[in-house]
Structures are given as structure tokens and as C-alpha cells.
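Here the structure comes first, spelled out in C-alpha cells, and everything after it is commentary.
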Protein chains: 2
Amino acid sequence: MRARVPPPARPVGIKDIARALGVSIGTVDRALHNKPGINPDTRRRVLDTAAALGYRPNLAARHLKSRTTIRISVQLPQEIALFWDSLRDGIREAAAPFEPTLQLEFRSNPRLGEGEVELFEQALASGVNGIIVAPGDPVALEPCIRQAARNNIPVICVVTDAPGTERLASVSADPFTVGSVAGELLSRFLPNGGDVAFFTGWLGTEDHAEKLRGFDASVNAVGRGVHVVAVVEAHDDERTGYRRALAVLDAHPDLKGIFVSTVNSLPVLRAVERKGRTGQIAIVTTDLFPALVPRIRQGQVAATIYQRPVTQGRHALQALYQFLLDGTKPPTRIKVVPHVVMRSNLDLLLERRSGETP
Amino acid sequence: MRARVPPPARPVGIKDIARALGVSIGTVDRALHNKPGINPDTRRRVLDTAAALGYRPNLAARHLKSRTTIRISVQLPQEIALFWDSLRDGIREAAAPFEPTLQLEFRSNPRLGEGEVELFEQALASGVNGIIVAPGDPVALEPCIRQAARNNIPVICVVTDAPGTERLASVSADPFTVGSVAGELLSRFLPNGGDVAFFTGWLGTEDHAEKLRGFDASVNAVGRGVHVVAVVEAHDDERTGYRRALAVLDAHPDLKGIFVSTVNSLPVLRAVERKGRTGQIAIVTTDLFPALVPRIRQGQVAATIYQRPVTQGRHALQALYQFLLDGTKPPTRIKVVPHVVMRSNLDLLLERRSGETP
DNA sequence: TTGAAAGCGGTACCAC
DNA sequence: GTGGTACCGCTTTCAA
């Protein structure tokens, strides 16, 4: 039995280093921060003893002095409340330890893709230090992100990405994995094989295309006679989704499984009901919102792939804050492992969600 | 589109309150912290204006002054490395923002349940302020926890609980849900029904019994002719597990599903192999360790219920730290939502695990 | 019961 | 190039 216990006690500070070398703390500070006006030789010695003594800066003290409150603007839609509020909670939670050196400013647009540019410009104009945004319309936002990059304002995308822009990083449930998990679940749910359909928004969106790739790969990998017989673009629109779902159901009277890879699953569920095929089709959806809860509970939806907004929020804030503080560059894509939510863990998930609010 | 932006700028501090009332900051401090020796009337006025001005304490300053480095002892087994190291990582990660006001001391015993008491006593003797422990043998540990409680040293149990003791809280994947998720998965994987077996350690352990309860409830809820035909106690022992698994396989030539609710799944997998029944039985396991990885990849294990050690570690540390700082009592049981890990999300999970280490 | 003042570890800005 | 020192917001101690 080994007991690993750190060296006695008191953490070594800047003045320990100063004392050890017989220099002043001002010099030590200059050396540690690569500031100009110091003999390169002195710097070396300071850095060496700092390392030798195992110096670790006291973050509390640093924040205290740096009177500069860091302001981060968080721009997210109002709808769908449960999802975006969870994301906001995650951000808030991660920011709590840094209060009030770090200030959050929440800006909201009504729905994903609406009024994003205005919010972005407003944030830039108000002089924030960093931005967290869910780009519903990446193309429209591209000039904004470029502008931010020119002003050295780091931008982190959450949930959806704006690929090919100068954003610092993106945080999301890896879309390939999301599709892949859904595909594997459906394959396992259909051990006798059968036809399945894939619903998405726009295949032009990188995110959605990736989900399809993952789904396909996974269905074929298991390979027990499960076939993707329909790939449907519903354009995130209720009516389109409903109409096209009806058409698919008619065209494939023997359909055994459905994966809806966007949040737009309700119209598909309604179509299945309307055709009286509930219970004959294994359905996997994406995300979690109030209207979905009873359908999971009743078993109409076998599983939903939850993209874990709270966790995404936490990661986004941490990455952004680290960057603003240290200049530490996060990985370009921060991937969150999606949750498989079914009847059996639904309550625990909802409970945790509500418990986190205080 | 609404833009919610907080009031102009500078956070209000303790001396703003003092100035507003014409008292000293000492008085304000006494009021805010319910300290003795202050006129109840003065206290009221201070609290009121504090609320009115929207005072939020500056955590950085607070940590800075409280010269008292909080020492937390973390007592976990060495084996199985991947799992416990993940837990340690989660704890470290959560502690990082509070460096070096918060000091972690890691103590390790070789295996769960071995040498726990010694480590615990050692930690108590060294005068730590709080303890995080995974009690392998809760009964043996009970007097230790009592002793800690008498000394006002809060103890948080992770992964497993020590029910009925004075521990401050426990953090774990809710065992009922773990069982329940496994049951639902197996039921879904077997739409034509069939016999399934449940493997555990000791049914006397509350944790294990809960898993069985969840499993049963869930299998019966779906109710498509899936029956639990065997409940096996393997006593966390490889040989026992192997022998009993062979016996179950012989007794039920038509077995269609297995859930191993402890980490002791390898012997069961070997027994299935030995009998040449791989591929004929849907297998769900618990946790994730190197030897399990290829078996998931090959499809021998359909899914494993991952108890998310990193997250458990984070929650444990946060709860303990909050309590030591504020006296904020966490919920008695902190429940983590378990992950369903399958071939399709295995890589993402492993990748994230290794990415978190730096 | 209250006020005043000395730090905590770093940073920033003086003067040498 | 370097040393000294006044802070940052809060806690704590000692004096009144």
C-alpha cells in the first residue's frame, strides 16, 4: 500500500524564488512573464529555480490584482428552452469559480438562425472580450466571426459549428458518433433485419451529413440485413417533416426503424401515429424536450441521443476562459460524448437537470 | 430579440457597503458572516444594503486571505488502473481552479477493500480537512468514518457507498438506473423474447441489490417475453464467476441475454466463448477496462454501462470543497447518469479520456 | 459593539 | 536592468 503525499506544506510563491536568488520580486515577475527589460541571464536563473522549487502561481492572487473583469457574451436562442437553458446553466456553472473577475452577458435571439448577426454586432460593439455562440446560419455569421478575429476577440461555437471560419474552437457532440450510435442501436433493436429511414435537416450542412455518414457506417458494420431505404431532408420544418414522413411510410409499408437526426422529431412521430404504425417501428430521435418526454416514457420512442448541453456549455466556457487568461489554445473541435436516453434513465436525467439550476 | 446585459461595470465590494452605511468594513464582514459581537440592528442594515447593492463576494480575494490551505485526502485503489485513474483525473480537474488554496493528497491501496482502514487512519492522523474514499468494505470502514465525523472531517464516498454511516454524501452512478438501463437494452435487443441471466457480486451489498431491482423492473416493464432465469453471485471472484457462468450456460441452453452488473465480466465472457455461444447471446457489461475494449469492438459485448468516474470525481470534489468553504450541505446522494458505451461511441470515449490527462 | 490596520500572493509602476 | 512599494478585496486581529 503506497501513500503518496505531497511535500510538507506551504506552496512556494514568487517571493520564495526571489529570496532564493537574492533578487527582488519585481525581477522574478518580469522573468516569469517574459517581460522586456531583464537580463536574459537573470531570467534563465529565475525560471530555473522557479521550476526547481516547483512554483505554481496562485490563481486567486492573480485574479485579484488584475482589475480587468473579463466579459464574455453568450449568444443563444430562446427556443427550445429546455435545451438552451441547459447550455446556459453549464456555462454559468463553469464560470462560478471565477466570479466576479469573469462576467457573463447573455444575449438571446428567438430561434436558431434568426437575428444572430444583430446580436453578434451588438456584442462586438459593446466591447466584450470573448463570445460563445451557436451559429444557426454559419454563412451569414462568417463576416462577423472574421471581424471578431481581426479585433482579437476569440469566438467559440457550441452545438453547431461554423467550419472554415476563424473561430477559436467548436464544442459539440461529435456528429459522426451521434449518427453512428443511433445506427448501432437500431441495428441491435432489429436483430431480424429490416428497412430503416433516416431523417435530417439539410444534407448540405456538414453536421447533418456527418450524422448520415456515421449512421450508414454503423448500420453496415453490424450488417444483419438492416438497410437504409430512405434519407429524408425535412429542412427543420414541421410541415415538411410531416408530409415527407407520411410519404416514406406509404412507400415502405414494411419499415422497421427510423432515426430522426435533428430536433425536429415530433412531426415524424405524428405521422407514424396517424398511420397506426406505433409499436411496429423502432424510433430513435435526437435531443430532449418536454414534448418528447411522455413519448419516451410510453415507449413510442425507444431512445433519444442527447447532445448534453450542460456539458457543452461547461467545456465552451472553460476553453474560452483559459484562452483569455493564458492564451492556451484549445483543440479545434471539442467533442462531447452523447448520451443514450431511454425510459430507464430518463428520470435520472431530468432530475439532474433540475437539480443543477440553483 | 432581447439582449440582457448586466448593469454597467464595477462589482460592488465590501467597502462599498461600508461607505454607504458609514460603518467600517470590519462591521460589514461580521454582519455578512453571522459573526458574534455585532448589534443585531446593525447587522440587519448591512445585510439589507448588501442585498440592495447586489453584493457578490469576490472569491479570489476570499481564497487569497484564508491562508488556511484546505487539504483533501483522496483514498482510492490502484487497480483497475483505467477506472481509478479516471476518477483521480476528475478530482484533479475540479480542484485546478482553486490551486493552491486547495491541496490534494492521493493515497492508494492495491485493490478495492484491501488496506482501506490503514489509509484512512493515516489520513486522519495527518490532519487533513476532508476525505474522498471508495469504501470497498463499508463495514470495516464504519468506525473510521465515525471517528472522522467526531473530528468534523467530512467524508464523501465515491463509486460505492457506506450507507448508514455519517458520511457527508455519496457520489455514484445510481445503481437502480444502471440495472434498469441494462434491462431495457437487453429487452430491446431481444424483441422476440428469451431467457436472460443476471450476474452480480453479493446480493447483500445494497448497491448490487439495487442493480438487480432496477434490472427486474425494467425487464418486466417492457414485457415482451424476456425472463430473468438466473441471478448469480460471483463474489467479485474470477474463478467463481467462470464456474457459475458455465453452470448457467449448461442449465439454459437457450439463454439469449446476460448482464454482468459488476466489473467482473471477463470470466463470464470466457465461459460464453468456451461454450461456443458467442454471437448467440446479447451481453451487457459494466464499466470499461482495457481487456473489454476489443470485445466491444468485435461485438461480443453489445454494450457496457459506464459509471463515468471522471464525472464522479468532479462532483465529489466540488461537493466536498463547497462544504468546507461555505458549509453548504450537498444532497446525501449525488447521482451520475451512466453512459451506454457501444462499439460506435467507444473511440470517442477513449479519446476524451486520454485527452483529459494534460 | 465597533474601527483601524496588517497582511494574503501577484502585478504594475515608480525610482534608482 | 533592477529594487521598492502601493495596491486588488477580503479576513483577522487588536485596540478602543
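Proteins come first, then strands; the chains are lettered A, B, ... in the order of their sequence lines, and each starts at number 1. The figures here come from the full heavy-atom set of this structure, side chains too, leaving out hydrogens, waters and symmetry mates.
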**Report entry** Nucleotide nearest Asn58(A) when distance is taken to its side chain, options dT11(C), dG10(C), dT11(D)
**Finding:**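 Closest nucleotide among those given: dG10(C).
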**Report entry** Nearest to side-chain heavy atoms of Ala61(B), which nucleotide of dG10(C), dT12(D), dG9(D)
**Finding:**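 So the side chain of Ala61(B) is nearest to dG9(D).
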[X] [atom1] - [N] [atom2] separation (whole Å):
| X | N | atom1 | atom2 | result |
| --- | --- | --- | --- | --- |
| Arg19(A) | dG9(C) | CZ | P | 10 Å |
| His33(B) | dT13(D) | NE2 | P | 14 Å |
| Lys15(B) | dA5(C) | NZ | P | 13 Å |
| Ile14(B) | dC8(D) | CD1 | P | 14 Å |
| Leu32(B) | dT11(D) | CG | P | 8 Å |
| Asp29(A) | dC14(C) | CG | P | 16 Å |
| Leu59(B) | dC8(C) | CG | C1' | 16 Å |

Query raised in the report: In residues 35-55 of chain A, which ones come under 4.0 Å of DNA chain C, going by heavy atoms?
Result: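 The answer is Lys35(A), Tyr55(A).
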Query raised in the report: Are any of the side-chain nitrogens in Arg45(A) or Asp48(A) under 4.0 Å away from the carboxylate oxygens of its partner?
Result: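 Here Arg45(A) does not pair with Asp48(A) in a salt bridge, since their nearest N and O are not under 4.0 Å apart.
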Query raised in the report: Under 4.0 Å between a Lys/Arg side-chain N and an Asp/Glu carboxylate O for Asp41(B) and Arg44(B)?
Result: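 Judged by the 4.0 Å cut-off on N to carboxylate O distance, Asp41(B) and Arg44(B) do not form a salt bridge.
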Query raised in the report: Do the side chains of Trp84(A) and Gln78(A) get nearer than 4.5 Å, heavy atoms only?
Result: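 A side-chain contact is absent here, since even the closest heavy-atom pair is not under 4.5 Å.
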Query - Spacing of CD1 belonging to Ile153(B) relative to CG belonging to Leu168(B), to within rounding of 0.5 Å - result: 12.0 Å
Requested in this report: To the nearest 0.5 Å, tell me how far Gln103(A) CD sits from Asn129(A) CG.
Outcome: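 Rounded to the nearest 0.5 Å, the CD-CG separation comes out at 10.0 Å.
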Query raised in the report: Just by distance, do the side chain of Thr160(B) and the backbone of Pro135(B) share a donor-acceptor pair under 3.5 Å?
Result: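 Between the backbone of Pro135(B) and the side chain of Thr160(B) there is a qualifying donor-acceptor contact (under 3.5 Å).
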**Report entry** Arg71(A) side chain to Ser126(A) side chain, donor-acceptor N/O pair below 3.5 angstrom
**Finding:**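 Yes.
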Report task. Would you indicate, yes or no, if dT11(D) has its OP1 or OP2 atom less than 4.0 angstrom from a side-chain nitrogen or oxygen of Arg62(B)? Result -> yes
Quick one: salt bridge (charged side-chain N to carboxylate O under 4.0 Å, His left out) partners of [X], sequence neighbours excluded?
| X | value |
| --- | --- |
| Arg333(B) | Asp161(B), Glu206(B) |
| Glu121(B) | none |
| Asp16(B) | Arg10(B), Arg19(B) |

**Report entry** Residue that, paired with Ser73(B), satisfies side chain to side chain donor-acceptor pair (under 3.5 Å) out of Glu105(B), Arg107(B), Gln122(B)
**Finding:**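 When Glu105(B), Arg107(B), Gln122(B) are each tested with Ser73(B), the side chain to side chain donor-acceptor pair (under 3.5 Å) holds only for Arg107(B).
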Anything under 3.5 Å between a protein N or O and an N or O of nucleotides 3-7 of chain D, put it in a table, one pair a line.
residue : atom : partner  : partner atom : Å
dG3(D)  : OP2  : Ser24(A) : N            : 2.8
dG3(D)  : OP2  : Ser24(A) : OG           : 3.2
dG3(D)  : OP2  : Thr27(A) : OG1          : 2.5
dG3(D)  : N7   : Arg30(A) : NH2          : 3.0
dG3(D)  : O6   : Arg30(A) : NH1          : 3.4
dC7(D)  : O2   : Lys65(A) : NZ           : 2.8

Report task. Describe, as an angle rounded to 10 degrees, how the axis at the first end of the helix from dT1(C)-dA16(D) to dC16(C)-dG1(D) is tilted relative to the axis at the last end, five pairs per end. Result ->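 Its terminal axes enclose an angle near 50°.
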